[in-house]
Each structure stands twice: as C-alpha cells, then as structure tokens.
Amino acid sequence: MRSTPHHLPPPQLFYSFFKTLIDHEVIVICKNDVRIRGKLISVDQYLSVKLQDIQVLNAERFPQMQSTTTCFIRGSVIRYIELPAAAVDTALLQDAARKACLAQA
Amino acid sequence: MPSTMDAFIPGSAPILEYIDNRIMVAVRGNTYLYGTLRSYDQYGNIVLQDTVERVYYRQSYAEAARGLFLVRGQVISSMGRVDPQREHDTHARLQCRAFADVEADADAERQALSDYAQNKPCAV
C-alpha cells in the first residue's frame, strides 16, 4: 500500500469516518508512547485530532501534559486511535472501503 | 470567523482557538515548551511568546526562560491549552530545582530505559 506524504491531502474515507466519531470518547496512542483519553472534538484531513477533557493515561511518564485540558495532536505523530466499538458500524465502513476502491480503479 | 478561517488554512484549523492563549507544545525529542501562541500558518508553524522550556523528573521540575520562539510545524507532536489552576496544583506537589540538574536526571533515566528496551530478552 502506498503511504500518503503529509503534504498531500490523503483519501477522504477515514476523514469522513472520524468525523462520525466526533463527541465520542477515544484513546490516542502517540508514537512517543503518550496515551491520551479524551472526547474527540475535531479532526482534519491529515487525521490530526483535537481532544477535550483529556486524561493522560501514563501521566507518571509524561507529567508535562497534566496541566492541559484540551489538546491538538498532529496526525503524523499518532500511532493508534482506540475507538468506541459501539459507535463504529464495521459493515458500513467495509462497504465504503469497497466503493472507494472501485472508484479508484 | 472560525468557520471561514477553517476553510482558509486547511490542516491547521483547530489551532485558531488557541491564539493568544497560554499553550503547551510537545516538540519531537522530548522537549516541552510553554508559551503564548501569537501566530501560525498553513504548515502548522507557530510563534510562541514568553516561552518557557520545562523538564520534569520524578517529584521535581525545572523551568528555563527561552523568549520568543518560531516552532516548525513538522516537529510539533501535540499542543494544548494550559489550565492555570491545574498547572498550579501540579507544581504545588513538586519541588522546583535547577534546570541543568533536572535535565541531566531526566536524560539519564531516559537513556537507562532505552538501554533496557534494547537489551531485554525477546518475548517470542
């Protein structure tokens, strides 16, 4: 699979998908191992996210972030995002992925 | 205003509401800067005023004044608005020490952790 450089707008499927998760609680795991739980406020086309009411799950390792309540995380430093399973319609997502694939071919 | 700006500068839109606020910026390589956000552009480059670099080590912390900063968007990993009350509460519990000492302690611990991670027996 071809990875998308950060300066090019990537395909919009996951952007739309993450927009449906706005106002849900997610856990973001960054490449520097910070784990942040918070309410998803916004997402942009690079999959940068903005969280509110954040809680750093490994605060003993990262005390620097304890003084913040909202944060913006650049898409390029995110390793994983843990999603609320109840809020994800996997059948719909699979369907959308197929459609996007067909549209590209 | 926010909606038009959102469309105007793609990719860095959510930063707008942090402007003129005291924010925390995590820079790649374990550097944390605290300053007032004055400006940003479409690459996510930002200008910080009255910047302070802060290091933590166990029950202590230290600060070094750094002045005016232009931080390149590429090296920013995250940023967030600082809640003065939370900041005060956190620091009340910690001991303030000289910057060089805390930095040396924190570096030593990070080095020890990465040595351990490289030498530990393989799980499988």
Side-chain angles (χ1 to χ4, degrees), chain A residues 4-10 12 14-15 18-19 22-23 26-81, chain B residues 2 6-7 9-18 21-34 37 40 42-44 46 53-61 63 73-91 93-94 102 106 109-110 113 117:
Chain A
T4 312
H6 195 264
H7 59 273
L8 287 179
Q12 300 295 301
F14 282 95
Y15 174 44
F18 276 108
K19 279 205 286 194
I22 281 174
D23 286 339
V26 296
I27 299 176
V28 177
I29 296 112
C30 298
K31 288 179 185 170
N32 59 359
D33 290 333
V34 190
R35 300 169 62 90
I36 303 167
R37 178 166 62 200
K39 195 168 84 168
L40 188 67
I41 292 302
S42 73
V43 57
D44 71 10
Q45 61 268 63
Y46 301 110
L47 305 186
S48 305
V49 297
K50 196 161 158 200
L51 304 177
Q52 207 173 50
D53 303 326
I54 62 162
Q55 187 190 359
V56 182
L57 299 178
N58 43 8
E60 69 293 341
R61 276 183 67 196
F62 300 97
Q64 290 89 344
M65 298 196 68
Q66 272 178 348
S67 50
T68 57
T69 49
T70 85
C71 80
F72 166 82
I73 306 167
R74 197 177 145 96
S76 63
V77 302
I78 295 173
R79 183 179 284 144
Y80 311 118
I81 299 183
Chain B
D6 282 0
I9 304 187
S12 55
I15 309 172
L16 179 68
E17 74 167 61
Y18 291 156
N21 280 284
R22 194 93 184 142
I23 61 164
M24 180 259 355
V25 180
V27 183
R28 286 198 187 185
N30 263 299
T31 305
Y32 291 82
L33 303 172
Y34 297 73
L37 180 67
Y40 70 93
Q42 72 270 40
Y43 304 109
I46 59 170
E53 183 181 344
R54 204 175 277 158
V55 285
Y56 289 83
Y57 175 72
R58 308 227 169 142
Q59 295 305 308
S60 58
Y61 76 99
E63 287 182 342
Q74 214 178 16
V75 301
I76 294 172
S77 56
S78 62
M79 50 184 133
R81 188 190 285 122
V82 172
D83 180 343
Q85 185 60 46
R86 271 208 196 191
E87 188 177 37
H88 180 266
D89 291 350
T90 310
H91 286 174
R93 288 188 277 110
L94 303 174
V102 181
E109 186 178 64
R110 203 173 307 123
L113 273 174

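Both backbone and side-chain heavy atoms feed into the values below; hydrogens, waters and symmetry mates do not. The chains referred to below are lettered A, B, ... by the order of the sequence lines, with proteins before strands, and numbering in each begins at 1. Not measured: the values here are computed from a predicted model.
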Handout entry: Side chain to side chain, A:L51 and A:I41, heavy atoms closer than 4.5 Å
Key = no

Exercise for the section: Can you tell which part of B:R110 gets under 4.5 Å to a heavy atom of chain A, answering side chain, backbone, both or neither? Expected result: neither

Handout entry: Shortest non-hydrogen contact from A:P63 toward B:Y56
Key = CG-CB, 3.3 Å

Handout entry: Residue selection (most heavy-atom pairs with chain A, distance under 4.5 Å) from B:Q85, B:R58, B:E87
Key = B:E87

Exercise for the section: With a 4.5 Å cut-off on heavy-atom pairs, point out which of B:R28, B:R81, B:R22, B:R54 contacts chain A the most. Expected result: B:R81

Problem - A:D44 and A:K50 ion-paired at < 4.0 Å - result: no

Handout entry: Part of A:I54 within contact of chain B (heavy atom distance under 4.5 Å)
Key = backbone

Problem - Shortest non-hydrogen separation from B:V25 to B:I23 and the atoms involved - result: CG2-CD1, 3.6 Å

Exercise for the section: Could you look at B:S77 and say if it's the side chain, the backbone, both or neither that has a heavy atom under 4.5 Å from chain A? Expected result: both

Practice task
Below 4.5 Å from any heavy atom of chain A, which atoms of B:Y34 appear? Answer side chain, backbone, both or neither.
Solution key: side chain

Exercise for the section: Indicate yes or no: does A:R61 engage B:E109 in a salt bridge with an N to O separation below 4.0 Å. Expected result: no

